[in-house]
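Read through the structure below, which is laid out as C-alpha cells, and then see the notes.
Positions are given from 1 along the sequence.
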Amino acid sequence: MSTRIPFLKGHGTENDFVIVPDPENAVDLPPAAVAVLCDRRAGIGGDGLLHVVRSAAHPEARHMAPEAEWFMDYRNGDGSIAEMCGNGVRVFARYLQRAGHVAEGDLAVATRGGVKTVHIAKDGDVTVGMGKALLPEGDVTVSVGERSWPARNVNMGNPHAVAFVDDLSHAGDLLSPPPFSPAAAYPDGVNVEFVVDRGPGHVALRVHERGAGETRSCGTGACAVAVATARRDGADPTATGTPATYTVDVPGGTLVITERPDGEIEMTGPAVIVAEGEIDAEWLETATRA
C-alpha cells in the first residue's frame, strides 16, 4: 500500500462521505478501515465512504462495465456494504466531474443496486435515475419507545420502512435502530423514515440509516418517502399516466423527487466537494489493528 492515499470529502444535502479514488481497485479497504476513516473523532468523518473504482477492475461490477465505466463501491459508516446510496451517487458524479472523467450532461454509474443514470446540470444540481420502487406486500410496524406506527415497506434497491407521524420529534434520538416487526420483513436490517406533511406535494423526514444512525439526508429514503406519500394520497403514476412530484425536506436541505408514468424515479439535488487531501496509510493500518 502506498504511504499516502488520496481522498476527498463531499456531501449531498449534508449526507457526507469520504471519497477514495482508486480506479484500478488497488487500495485495500476492509470494514475496520472504512469505520476508522468515517469516525468523526478519530478519522476524517462521514456517513459513508465512496470507493471510486473502474467497473472493469472490480469483481462485483465487471458485468456492468459495458454500460458504466465507473463503479460506486459504497460502504456504510460502520464499514458494512450497502446496495445503493442516492446522495452518494450525486456526490460520486460530482467527483467524476471534478476529476475530469466526465463533463456536464448524462452519464451512467454502476452500483450494487444496478446501473444508475445521472445528469449533471449546468446549474450544479445533479439528477439521478433511481430506478423503480418495489412495494412488498405485508404489514410492517415500527416503534420508538411506547409509540408504534404502521409503516410502508418500500424497496429502492435497499430496504425502507416509511412511517407517517404527527411530529418529527416522535422519532426520538434515532441513535439506535428503531424496532420493527415482523422481523422477517427486513432480514438484513432497514432504513426507517419518519414523515410529516408540510403542504400539498411537500413533506419532511428524519431517517435512521442502517449502519449509520440518524443522518442529515438519505436519497433512497427521500424516494421511498415520495412513493409512500403518493400512494397514501391515492396517486400511482403507472396507473394514471401523470407524474407525481414531491418536495422532500431533509435535515440537511431539500430534494425533489419525481415518479414518472413508467415507474422510474428521479431525484434532483445538490452535490458538493468540500476538501481533499491524503490519508497516512501507516496510520490507517495501525488504527485498523487497534
Side-chain angles (χ1 to χ4, degrees), residues 2 5-8 10 12 15 17-31 34 48-76 79-122 124-134 154-160 188 218-220 222-224 227 237-238 257-269 271 273:
S2 169
I5 304 168
F7 82 93
L8 299 90
N15 195 186
F17 309 96
V18 178
I19 305 162
V20 178
D22 182 24
E24 302 310 316
N25 197 27
V27 178
D28 186 24
L29 289 171
V34 173
L49 183 142
L50 306 176
H51 186 205
V52 183
V53 184
R54 291 188 191 277
S55 298
H58 198 289
E60 292 184 66
R62 287 190 187 115
H63 68 287
M64 293 182 277
E67 296 179 73
E69 180 180 3
W70 295 96
F71 173 54
M72 184 180 77
D73 175 17
Y74 181 70
R75 318 291 183 87
N76 292 315
S80 60
I81 289 173
E83 302 90 341
M84 241 292 286
C85 174
N87 288 318
V89 174
R90 296 203 319 279
V91 175
F92 189 92
R94 176 68 74 230
Y95 163 74
L96 293 178
Q97 181 189 32
R98 178 189 177 103
H101 297 306
V102 303
E104 290 174 358
D106 298 328
L107 69 144
V109 174
T111 77
R112 290 185 177 85
V115 175
K116 304 302 178 184
T117 58
V118 180
H119 180 81
I120 303 174
K122 290 183 178 181
D125 276 353
V126 180
T127 297
V128 179
M130 300 291 286
K132 299 179 181 180
L134 298 177
V154 183
N155 193 292
M156 287 298 309
N158 57 358
H160 296 268
D188 299 316
C218 177
T220 55
C223 294
V227 170
T238 61
I257 312 298
T258 297
E259 185 180 9
R260 303 190 326 222
D262 62 1
E264 293 290 327
I265 298 168
E266 295 179 336
M267 174 185 63
T268 299
I273 304 296

Checking Asn158 against Thr220 for the side-chain hydrogen bond (donor to acceptor under 3.5 Å, both in side chains) test, could you report, in this order, the C-alpha distance in whole Å, the side-chain angles of both residues, the deciding distance, and whether it holds? CA-CA 8 Å; Asn158 57 358; Thr220 55; 3.2 Å; yes
Next item on the list: Indicate whether any N or O donor in one side chain lies under 3.5 Å from an N or O acceptor in the other, for His51 and Asp22.
Entry: yes
Per side chain to side chain donor-acceptor pair (under 3.5 Å), His119 is matched among Thr268, Asp106, Thr127 by Asp106
*Yes or no on side-chain contact (heavy atoms from CB on, under 4.5 Å) for Glu266 and Ile257, after CA distance, side-chain angles and deciding distance?*
CA-CA 6 Å; Glu266 295 179 336; Ile257 312 298; over 6 Å; no
- Query: Just by distance, do the side chain of Asn25 and the backbone of Val53 share a donor-acceptor pair under 3.5 Å?
  - Reply: no
Practice prompt. Determine yes or no for a side-chain-to-main-chain donor-acceptor pair under 3.5 angstrom, with Ser55 supplying the side chain and Ala68 the backbone.
Written response: yes
Sequence neighbours excluded, the answer for salt bridge (charged side-chain N to carboxylate O under 4.0 Å, His left out) partners of Glu104 is none
Sorted by chain and number, sequence neighbours left out, salt bridge (charged side-chain N to carboxylate O under 4.0 Å, His left out) with Arg75 holds for Asp73
For the student: nearest non-hydrogen atoms of [X] and [Y], plus distance:
| X | Y | answer |
| --- | --- | --- |
| Val126 | Ala271 | CG2-CB, 4.2 Å |
| Met130 | Cys223 | CG-SG, 3.7 Å |
| Asn76 | Ile81 | ND2-O, 4.1 Å |
| Ala56 | Ala65 | N-CB, 3.9 Å |
| Leu8 | Pro21 | CD1-CG, 3.6 Å |
| Ala57 | Arg62 | O-NH2, 4.1 Å |

Could you grab the distance from atom [atom1] of [X] to atom [atom2] of [Y], nearest 0.5 Å is fine?
| X | Y | atom1 | atom2 | result |
| --- | --- | --- | --- | --- |
| Trp70 | Arg54 | CH2 | CZ | 3.5 Å |
| Cys85 | Lys116 | SG | NZ | 12.0 Å |
| Thr117 | Leu107 | OG1 | CG | 9.0 Å |
| Met64 | His58 | CE | NE2 | 9.0 Å |
| Lys132 | Asn155 | NZ | CG | 14.5 Å |

Any [X] side-chain heavy atom under 4.5 Å of [Y] side chain:
| X | Y | value |
| --- | --- | --- |
| Met72 | Val52 | no |
| Val91 | Ile273 | yes |
| Phe17 | Leu49 | no |
| Glu259 | Val227 | yes |

Test log, rule side-chain contact (heavy atoms from CB on, under 4.5 Å), inputs Leu50 and Tyr74:
CA-CA 5 Å; Leu50 306 176; Tyr74 181 70; 3.4 Å; yes
Evaluation steps, side-chain contact (heavy atoms from CB on, under 4.5 Å), between Met84 and Met156
CA-CA 8 Å; Met84 241 292 286; Met156 287 298 309; over 6 Å; no
Test side-chain contact (heavy atoms from CB on, under 4.5 Å) on Ile19 and Phe7; report intermediate values, then the result. CA-CA 5 Å; Ile19 305 162; Phe7 82 93; over 6 Å; no
